[in-house]
Amino acid sequence: MSNAEKNRAAPPVVIVIFGAAGDLTKRKLIPALFNLASKQLLPERIAMVGTDRIDMDSESYRDTLSREIGDYVGKGFSREMWDANVKRAYYLKGDFLDADSYVRLKEFLQQVDREQETTGNYLFYLATPPSFFGEIATRLGTVGLAEESGDRWRRIIIEKPFGRDLDSARSLNRVLHESFQEHQIYRIDHYLGKETVQNIMTYRFGNGTIEPIWNHRYIDHVQITVAETLGVEDRAGYYEESGALRDMVANHLMAVLSIIAMEPSNSFDADAIRDEQTKVLKAIQPFGPEQVLTDAVRGQYGEGVLKDGRHLHAYRDEPGVAGDSPVETFAALKLKLDTWRWAGVPFYLRTGKRMSKRCTEVVIQYRHAPNMIFSKSRLKRVDIEPNRLFLRLQPDEGISMEFNAKVPGTGLDISPVRMDFDYDDYFEESTIASGYETLIYDCICGDATLFKRADNIEVCWELLQPILDVWGALPARSFPNYPACSSGPSQADELLARDGRKWLTLGP
Ligand code: BG6
């Protein structure tokens with residue numbers, strides 16, 4: 001469905017945000033709703049009800065949002081547009097664990113429905129700490145707020161992290177399914193909302209020349225890097241319980257991997273696509289304890305110095321972090337997929353905080369040409385770089401192909417050159433939207449393609465569980481093992497060096 005078609009079809013809705021006073025709401029959700037309103041992508045009959053424990057009324061909530069919104073929307077902000085829309089925001093004080101709060105919420109929503117003519121369609125957005133997800137869903141069910149009837153729908157968006165291991169993810173799925181049916185549950189992974197991540201599918205399946213060489217016959221290996229310069233910031237409470245494997249690999253990196261590796265689906269239907277993604281994740285060879293020791297690397301940042309001389313704290317010196325914290329801020333994995341397409345093609349994944357550069361990138365390294373006709377000259381195969389495709393997901397969005405060219409001159413010198421596509425050169429539409437715009441919009445339209453299904457989440461945890469177990473049982477002795485502002489621990493370089501390869505982004 002095109003955006004224009006979806007927009008015409010977008011039904012009236014009340015978006016109920018649990019955790020209305022939290023960081024995610026002010027940094028991502030309200031700006032995303034504003035951006036959607038600016039692009040006229042919201043239905044005409046729409047309202048937003050924020051609920052949280054803080055004592056406020058709708059008037060003071062609107063004032064708070066109005067004061068802060070300019071800081072988070074950036075250059076597309078229009079005060080006039082904001083003022084025209086803010087009256088659709090309401091606030092209801094409530095305790096997520098208190099039964100009466102849900103009775104009051106139900107009455108409040110009926111009142112909003114009458115005022116804004118929103119016809120009883122509700123989208124519940126759980127922007128709360130994960131420990132509340134199950135409780136909120138159950139209590140919504142108890143007061144009848146999860147019930148659909150006729151055309152009237154009820155949907156629930158669950159933020160990440162979805163569980164902290166296989167058991168907790170399974171039990172959260174069970175609890176959700178007691179009140180909501182699977183088609184009502186939208187598990188969010190904001191990476192799937194990113195334009196550049198979605199474009200991988202268009203690139204692969206919308207071009208006749210790409211897919212025929214997207215397999216083990218032509219591809220040597222794949223690298224997926226999600227590097228951040230940020231440290232743990234003010235999220236130590238969450239991060240100390242999480243770490244890089246849970247925070248990034250279990251969701252964002254696996255999401256990118258599944259789009260790179262999936263088979264083409266027979267249609268663009270949400271379930272057809274998610275079937276293929278789950279299938280390929282299931283084909284990843286499971287880790288035994290031995291493989292964890294050889295094919296999974298963890299790291300934690302120590303102190304470091306920025307180019308301008310500023311000193312960066314070690315993770316263990318960050319506020320709220322234990323002085324002997326065993327939590328990893330870096331993870332790298334080597335994965336092998338048991339499929340016809342990917343036999344013998346390793347996938348190397350890595351993510352880390354406090355790296356030298358912010359960079360989310362997929363590199364496809366192709367095999368060498370089968371017969372080196374230049375061998376009579378002094379060039380040997382090893383001197384010629386293989387072709388590489390760089391899918392630049394952020395921040396410098398685009399696609400680059402690196403291939404070899406003859407250096408002009410009388411001799412035969414060969415040098416890699418790059419052919420670049422940059423989003424900015426072709427499209428007016430900004431690609432810096434956070435991903436939340438697309439996802440909220442799709443949920444209102446009932447399109448679950450970019451959301452995770454229960455089985456997809458559980459497959460990821462199944463794969464990572466042995467790593468969590470081994471790392472939990474054997475705390476790393478070498479932490480911290482990489483300086484802040486670097487490319488990560490040397491063990492991650494060794495992971496590839498053992499296979500005669502090297503990481504191709506971020507530099508040494
Ligand atoms: C979040 C993680 O899901 O993704 C954060 O919890 C991380 O730790 C963030 O910083 C990265 O997202 P993005 O869109 O900035 O790459």
Side-chain angles (χ1 to χ4, degrees), residues 19 22-29 31-32 35 72 74 125-131 133 157-164 169 186-200 224-257 259 298-301 312 315 318 320-321 325 327-331 349-362 391-397 423 430-440 450-452 457 460-461 464 484 488 505-506:
D23 226 41
L24 179 72
T25 304
K26 76 176 174 204
R27 281 177 197 279
K28 304 282 190 191
L29 305 185
N35 288 337
Y72 299 113
Y125 199 119
L126 272 46
T128 65
S131 52
F133 294 165
I157 295 187
I158 314 281
E159 259 298 331
K160 64 166 279 257
F162 194 95
R164 61 183 322 278
Y186 288 68
R187 299 172 192 78
I188 211 161
D189 179 332
H190 77 278
Y191 264 58
L192 290 174
K194 289 182 191 280
E195 280 292 339
T196 46
V197 174
Q198 291 177 52
N199 186 49
I200 299 174
I224 302 176
T225 296
V226 181
E228 299 183 88
T229 49
L230 288 178
V232 67
E233 309 302 298
D234 51 4
R235 300 165 72 219
Y238 155 75
Y239 205 81
E240 278 282 271
E241 294 297 314
S242 162
L245 200 69
R246 292 187 169 97
D247 185 44
M248 299 293 288
V249 180
N251 35 71
H252 306 326
L253 276 91
M254 295 309 256
V256 174
L257 166 76
I259 300 181
R298 56 187 153 164
Q300 188 191 74
Y301 64 83
L312 295 171
Y315 177 69
E318 302 273 19
V321 172
S325 172
V327 170
E328 81 285 354
T329 58
F330 176 100
L349 275 53
R350 89 183 144 162
T351 183
K353 293 210 179 279
R354 279 277 186 257
M355 308 281 280
S356 53
K357 202 162 109 186
R358 177 169 180 247
C359 163
T360 300
E361 195 161 291
V362 178
L391 301 169
R392 294 181 276 113
L393 305 183
Q394 64 182 18
D396 161 32
E397 290 108 347
Y423 275 77
S430 155
T431 56
I432 47 179
S434 62
Y436 281 94
E437 285 81 357
T438 308
L439 295 170
I440 293 174
L450 300 177
F451 292 85
K452 301 230 172 147
I457 298 258
C460 291
W461 283 121
L464 299 181
T505 41
L506 290 185

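Counting starts at 1 for both ligands and their atoms, in listed order. In what follows, every heavy atom counts, from backbone to side chain, and hydrogens, waters and symmetry copies are set aside.
In this structure, the separation between CG on Asp396 and CZ on Arg358 is 11.0 Å, given to the nearest 0.5 Å.
Residues with a heavy atom under 4.0 Å from ligand 1: Lys160, His190, Tyr191, Lys194, Glu228, Arg235, Asp247, Met248, His252, Lys353, Arg358, Gln394.
One side chain, Thr505 or Arg350, offers a donor N or O that lies under 3.5 Å from an acceptor on the other. Side chains of Glu240 and Tyr315: a donor on one and an acceptor on the other come within 3.5 Å. Between the side chains of Gln394 and Thr360, at least one donor N or O lies within less than 3.5 Å of an accepting N or O. A donor-acceptor contact closer than 3.5 angstrom is absent between the side chains of Asn35 and Tyr436.
A search for salt bridge (charged side-chain N to carboxylate O under 4.0 Å, His left out) contacts involving Lys28 returns nothing, not counting sequence neighbours.
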